[in-house]
Amino acid sequence: MGRLARVSNFLDWRDRMLRAVWRQDDSLPEQVLAWMSEVYEESGEISGEEFCDLWTTRTFSLARSAFEVIRESVLDDTGKRIVGEEFSYVNYFRDPEFGPVGVVRFKSAEVSTPDWTEVLGVVAEGVQEFVMDYYGTVWPVCDRHSFGLHVDYLHETAVWKCHAGPAGGHVVRALDPSIRL
Ligand SMILES: [Zn+2]
């Protein structure tokens, strides 16, 4: 098969898979599209049902990793633990009535797209809410202004942003401490 035919088959398959997960490609981050290419390279034209399973598995797996990163970050900043059984506060569910793929829910935050940046942002918001409800603590806080920080997105990185300051706010740091901005 020629290269053009292969590309056209891939794009065709990708369209079908995006319809299967109820998404449109113009709304998807590069990371997710790149992952779809890898899936296609490895497994070829899998069915929509199989793809929904992979999508869900990947979303759940990213959420577990994100939870670890954020939990460490809370511990470093506040000395407080996100208590409970390992993942008892992260709720995964899959209900055909709500869509073809699984949803990760933590407090009022939820995500159903296997995109690391979005998953990390959503899990951070859920943990932030938990820290407030459970410990009555604002986390994280801007050292300069003492304001609580908010999740924001800078290019393809999830960041903590402070809304205070003359420029209408400033980015404080990446959610993932291993990323230096
Ligand atoms: Zn600030």
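For this chain, numbers begin at 1 and follow the sequence in order. These numbers come from the heavy atoms of this one structure, side chains and all, not from hydrogens, waters or symmetry mates. These numbers come from a predicted model, not from an experiment. Atoms within a ligand are numbered from 1 in the order they appear, just like the ligands themselves.
Of all protein atoms, those that are N, O or S and lie under 2.8 Å from the Zn ion (ligand 1) total 4.
Under the 3.5 Å distance criterion, with hydrogens and angles disregarded, no donor-acceptor pair is assigned to the side chains of Arg14 and Ser37. A side-chain donor from one of His145 and His170 sits under 3.5 Å from a side-chain acceptor of the other.
Atom CG of Asp133 has more than 12 heavy atoms from other residues, nucleotides or ligands within 6.0 Å.
Contact annotation: the side chain of Tyr134 never approaches that of Lys107 to less than 4.5 Å [non-hydrogen atoms, C-beta and beyond].
Phe106 and Phe67 have tilted rings, their planes meeting at an angle from 30° to 60° on a 0 to 90° scale. Between Phe98 and Phe93, the ring planes lie perpendicular to each other; the angle is over 60°, past the 30° to 60° tilted range.
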